[in-house]
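Here is the structure we will look at, set down as structure tokens.
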Amino acid sequence: SDVLVYVKPEYRGSRAFIMMVKGYVAWARSRGAKLIFLNQTTGIHPDATSHLYQRLGFQPCGNNHCMEVG
């Protein structure tokens, strides 16, 4: 599972994210992973993020939920 994917502002809108995800998938496969996850927990453009993940071959799997308590 990913912990964080960060694209520097000057590379946003480029293929940087796609290249990182493809590298992540190749790395996971090379180590025998059977299932890999990409998460989206920021709440920033969740529908667009989900659409992009699906275009890259990932399928929705559950939901993220949070509660501010402080």
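Heads up: numbering here begins at 1 and tracks the sequence.
Here the closest heavy-atom approach between residue W27 and residue S30 is recorded as O-OG, 2.7 Å.
Sorted by first and then second residue, the side chain to side chain donor-acceptor pair (under 3.5 Å) pairs involving residues 52-70 (not counting sequence neighbours) are S50-Q54.
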When you look at F58 and L52, which way does the side chain to side chain contact (heavy atoms under 4.5 Å, CB included) test go after all the steps?
CA-CA 9 Å; F58 289 79; L52 177 57; over 6 Å; no

Counting only pairs under 3.5 Å, give me each side-chain donor-acceptor contact of residues 37-45, with atom names and distances, residues two or more places apart or in other chains.
residue: N39; atom: ND2; partner: S1; partner atom: OG; Å: 2.9
residue: N39; atom: ND2; partner: D2; partner atom: OD1; Å: 2.9
residue: Q40; atom: NE2; partner: T42; partner atom: OG1; Å: 3.3
residue: Q40; atom: NE2; partner: I44; partner atom: O; Å: 2.7
residue: T42; atom: OG1; partner: I44; partner atom: N; Å: 3.2

Throw together a table of side-chain donor-acceptor distances under 3.5 angstrom for residues 10-20, partners on residues two or more places apart or in other chains.
residue: R12; atom: NE; partner: V7; partner atom: O; Å: 2.8
residue: R12; atom: NH2; partner: V7; partner atom: O; Å: 3.1
residue: S14; atom: OG; partner: Y11; partner atom: O; Å: 2.5
residue: S14; atom: OG; partner: A16; partner atom: N; Å: 3.1

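Grouping Ile, Leu, Val, Met, Phe, Trp and Tyr residues whose side-chain heavy atoms lie under 4.5 Å apart, directly or via other members, places M67 in a hydrophobic cluster with V69.
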